[in-house]
Amino acid sequence: MTLALLAQSLVSGLLMGLIYALVAAGLSLIFGLMDVVNFAHGELLMLAMYAAVVIFGVAGLDPVLQLPLICALMFGGGVLIYRGIIARALSVQFNRGMVQIFATFGLAIFIRGAAQFAFGGDFRSLSGTWLSNKTVSLAGIYVPLPQLAASAVCLLAFTGLLLVNRTEFGRALEATREDRDAVALIGIDRDRIFAIGWGLGAATVGVAGAMLIAFYYVSPSVGANFAVIAYVTVALGGFGSILGALVAGIVIGEVEALTALVLEPSLKQVGMFAVYLLVLMVRPRGLFGKL
Amino acid sequence: MDAPAPVAARPPADNAILRRRRGELWLGAVVLLALAALPLPIHDAYTQNLLIITILFAGLSQAWNILGGYCGQISLGHALYFGIGAYVSTLLFVQAGVPPTLGMFAAGLVAGLCALLVGWPCFRLSGHYYAIATVVVGEIGYLLFLNWDLVGAATGVFVPFKGESLVNLQFRTSKLPFHFVALAFAAATWAVAWVIEGSRWGFSWRAMRDDVVAARSLAVRVFPSKMAAAAISGFFTGVGGAIYAQYVGYIDPDSVLAGHLSILIALPAVLGGVGTLWGPLLGAAVLIPVSELSRSYLGGGGQGVDLMIYGGLIVAVSLARPAGLVSLLGARRAPQA
């Protein structure tokens with residue numbers, strides 16, 4: 001194993017890790033806000049990727065330029081899911097934890113079926129976009145341009161998410177997270193905050209989907225590949241912590257790349273899962289989780 | 001000083017509970033007989049298969065219910081115990097010639113041990129952290145078996161047919177014997193749940209599920225309780241996996257260890273009525289036929305309509321009937337601690 005190979009692995013681990021982090025950020029945001037784990041998160045990613053394929057096919061708009069459009073669409077979708085399903089699941093008196101898990105899980109199966117109905121089961125990918133198949137060489141390390149662009153956008157998105165915290169809305173978000181009953185007393189519409197939270201979470205995963213489509217295929221079941229990693233990332237970083245999702249995403253990406261290098265590529269996920277379990281044994285609330 | 005008062009007649013509430021439990025037992029016997037007679041007039045293989053799978057999953061889900069329902073630990077990794085059970089009995093049969101009627105107990109023991117091994121780190125976690133940790137443990141098991149050449153890796157293991165035999169659980173001329181094997185398995189899990197419901201364990205598990213702190217203050221030992229529930233639940237899930245392997249005659253990581261199986265095992269109990277005696281059976285009786293029939297009639301050509309119906313049903317039931325389908329029948333839920 002040469003040093004160059006190691007450096008190459010570390011760089012690709014970092015780039016993939018940033019994508020994992022962005023996929024996980026939306027999940028973490030929603031969890032922190034209302035204690036709901038969205039088991040349809042991978043399917044939202046899949047929807048965003050299909051949206052990019054369709055818009056590219058119809059209007060010829062490059063996925064990078066589609067970002068605002070996809071964000072808006074996904075935001076709407078997130079709000080819709082909240083109003084249609086999650087608000088109801090939260091109002092349940094009995095067995096609330098299980099109801100929300102299995103309601104979002106049912107939604108995941110439904111979305112997967114709908115995607116299969118609309119697009120068929122074949123794998124699709126985009127070629128001929130600005131970014132596809134271009135590589136940049138940095139000091140002897142080859143970096144595919146789509147991944148590089150995705151990481152840059154990912155860092156921007158994280159900056160955006162962290163800046164949201166400073167706005168009036170961000171403070172309302174934080175207050176709702178701290179005490180969801182008390183905020184009603186000071187005139188914050190909790191239901192509206194939750195709906196916007198879902199919109200933001202879905203829009204974040206939309207960004208990830210639009211960037212991912214430049215270098216990853218999409219199929220109705222692609223969400224499953226990313227969903228488990230997203231749960232691991234969120235739990236490792238600490239549920240609800242955006243910064244935790246970023247750090248954990250990078251850790252996961254690096255561990256995956258190193259496992260593939262040291263053991264063998266088919267075991268790369270075993271490495272990241274093992275690291276996650278080890279960390280959780282020492283620190284059950286994750287790296288940045290609040291108690 | 002007064003002698004301690006002799007144990008007086010039990011308060012009437014207790015009698016009501018005992019009466020209800022005796023009623024459940026009678027109902028159980030009637031349902032068992034009905035389910036045993038059900039396949040006799042049915043001769044087409046498709047319906048027979050549907051019945052067997054439904055009853056098998058009712059049993060598996062009841063096994064999940066012991067940990068997920070009565071003890072309140074939402075495990076989303078039961079495919080691991082199912083798969084390990086399937087592999088243990090199958091490999092014992094193929095490699096060492098151990099008949100599966102014995103092998104399935106070995107399968108259950110290994111799966112139960114495995115559940116203890118998983119529980120030891122994971123029961124430190126609570127709520128969503130626990131659920132996600134079980135997803136991950138299941139996923140690790142799947143990936144390891146997929147790459148483990150000794151157990152056939154991705155190719156899986158074929159169960160050779162060694163002739164019609166009850167000891168080997170191999171029947172080729174008729175599906176009927178498998179119906180009774182599955183039924184015996186489901187009845188055993190039901191009986192265990194019935195015993196647990198009325199036992200000291202059952203009461204302390206439910207107390208723990210509803211309020212950990214309060215339960216602990218009443219001297220419920222939380223960690224050992226969870227471990228006991230996990231071991232029993234894992235044992236029966238493993239036995240179910242062994243039976244399934246003999247039934248289908250071929251196993252590979254995708255058919256017995258994949259993550260979606262964990263959900264398939266949990267769903268009947270959750271939608272039927274979590275922590276109830278009849279929930280898993282009722283849930284399986286609705287879910288499995290809907291899933292199988294919609295797949296046969298609408299799923300052709302990978303259309304996805306079957307998945308939309310199945311997913312929609314899950315969303316609708318879980319939102320409309322959070323206490324499960326049993327609440328439609330007006331059956332009382334298991335007594336709350």
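We name chains A, B, ... by the order of the sequence lines, and we start the count at 1 in each one.
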#### Entry: Best-contacting candidate, B/I263, B/I314, B/L267, against chain A by heavy atom pairs under 4.5 angstrom
B/I263
#### Entry: Contact leader toward chain A among B/I140, B/V135, B/V137, where contacts are heavy-atom pairs under 4.5 Å
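Heavy-atom pairs under 4.5 Å are most numerous for B/I140.
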### CZ/A/R192: more than 12 non-hydrogen atoms of other groups inside 6.0 Å
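Not more than 12 within 6.0 Å, no.
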### Query
More than 12 non-hydrogen atoms from neighbouring residues, nucleotides or ligands closer than 6.0 Å to CZ on B/R221, yes or no?
no
### Query
Between B/S327 and B/R321, is any side-chain donor less than 3.5 angstrom from a side-chain acceptor?
yes
### Task
Look at A/I111, A/L280, A/T104 and state which one has the largest set of heavy-atom pairs under 4.5 Å with chain B.
A/L280
### Task
On the 0 to 90° scale, with breaks at 30° and 60°, tag the B/Y130-B/F123 ring pair as parallel, tilted or perpendicular.
parallel
### Query
Parallel, tilted or perpendicular: which fits the ring planes of A/Y50 and A/F119, with parallel below 30° and perpendicular above 60°?
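Taking A/F119 first and then A/Y50, their aromatic rings lie parallel (interplane angle under 30°).
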#### Entry: chain A-proximal positions within residues 281-292 of chain B [heavy-atom distance under 4.5 Å]
none
### Query
At a heavy-atom separation under 4.5 Å, does B/L76 approach chain A through its side chain, its backbone, both, or neither?
side chain
### Message
Report which part of B/I132 has an atom under 4.5 Å of a heavy atom belonging to chain A: side chain, backbone, both, or neither.
### Response
both
### Query
Is the shortest heavy-atom distance from the side chain of B/K226 to the side chain of B/M208 under 4.5 Å?
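Side-chain contact under 4.5 Å: yes.
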In terms of heavy-atom proximity below 4.5 Å to chain B, should [X] be classed as side chain, backbone, both, or neither?
X: A/V37; value: both
X: A/V228; value: side chain
X: A/F39; value: side chain

### Query
Which residue, A/L80, A/I193, A/I30, A/I85, forms the side-chain contact (heavy atoms from CB on, under 4.5 Å) with A/W198?
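Going through A/L80, A/I193, A/I30, A/I85 one by one, the side-chain contact (heavy atoms from CB on, under 4.5 Å) with A/W198 is satisfied by A/I30 alone.
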### Task
Validate the cation-pi geometry between A/R112 and A/F110: distance from NZ or CZ to the six-membered ring centre under 6.0 Å, angle to the ring axis within 45°.
no
#### Entry: Partners meeting side-chain hydrogen bond (donor to acceptor under 3.5 Å, both in side chains) with A/Y231 (sequence neighbours left out)
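Applying side-chain hydrogen bond (donor to acceptor under 3.5 Å, both in side chains) to A/Y231 gives none.
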### Verdict with supporting geometry, A/F273 and A/E256, side chain to side chain contact (heavy atoms under 4.5 Å, CB included)
CA-CA 9 Å; A/F273 293 160; A/E256 181 186 40; over 6 Å; no
